Amino acid sequence: MARQGNLFGWKRPYRAPRILAHLTDCGDHGCVYQPGMRMVALFTCPRCQWESRWIEMPSVTACRKGIACEPCNAERAKAREDVARPHTPQRVSSGRAKKRQNRIASQSEP
């Protein structure tokens, strides 16, 4: 069975993938946690070598998923914002519109 084409030419907008910082160290510090949190974890970004502080996480599975690297994602968001600005074309005025403006201006003067 063939894939169905896009209905009416509409494509679902996808968000840009995040750059994740991966788990470096994880454990239980034996102190009191916030409700729902059972682990503390340390993350490092392989791209920019950014290292997080110790972050409380709910489980080992959540730790293994990783967290978004703050410097890399901020840099990509800024670059994407600069490149993807929508261009609004300027309205081109015709000579006829200029003549009309001059005529109106000359009528309003005493």
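Quick note: numbers below take in every heavy atom, side chains included, and nothing from hydrogens, waters or symmetry partners. Note that the structure is predicted; figures quoted are calculated from it, not measured.
- The hydrophobic cluster containing Val60 does not contain Val40, counting ILVMFWY residues as joined when their side-chain heavy atoms lie under 4.5 angstrom apart, directly or transitively.
- Minimum heavy-atom separation, Tyr33 to Gly27: OH-O, 4.1 Å.
- Nearest approach of Arg38 to Asp28, heavy atoms of both residues: O-OD1, 4.2 Å.
- Looking at heavy atoms from C-beta onward, Leu42 lies out of side-chain contact with Cys26 at the 4.5 angstrom threshold.
- Here the shortest heavy-atom pairing between Arg76 and Pro17 reads NH1-O, 3.0 Å.
- Taking SG from Cys63 and CD from Glu56, the interatomic distance works out to 11.0 Å, rounded to the nearest 0.5 Å.
- In terms of heavy-atom proximity, Ala68 sits nearest to Arg18 at CB-NH1, 4.1 Å.
- The backbone N or O of Thr24 sits nowhere less than 3.5 Å from a side-chain atom of Thr44 that would complete a donor-acceptor pair.
- Atom NE2 of His22 sits about 12.5 Å away from atom OG of Ser52, to the nearest 0.5 Å.
- A heavy-atom distance below 4.5 Å is not found between the side chains of Met39 and Ser59.
- Note that CZ of Phe43 and CG of Leu20 are 10.0 Å apart. Values are rounded to the nearest 0.5 Å.
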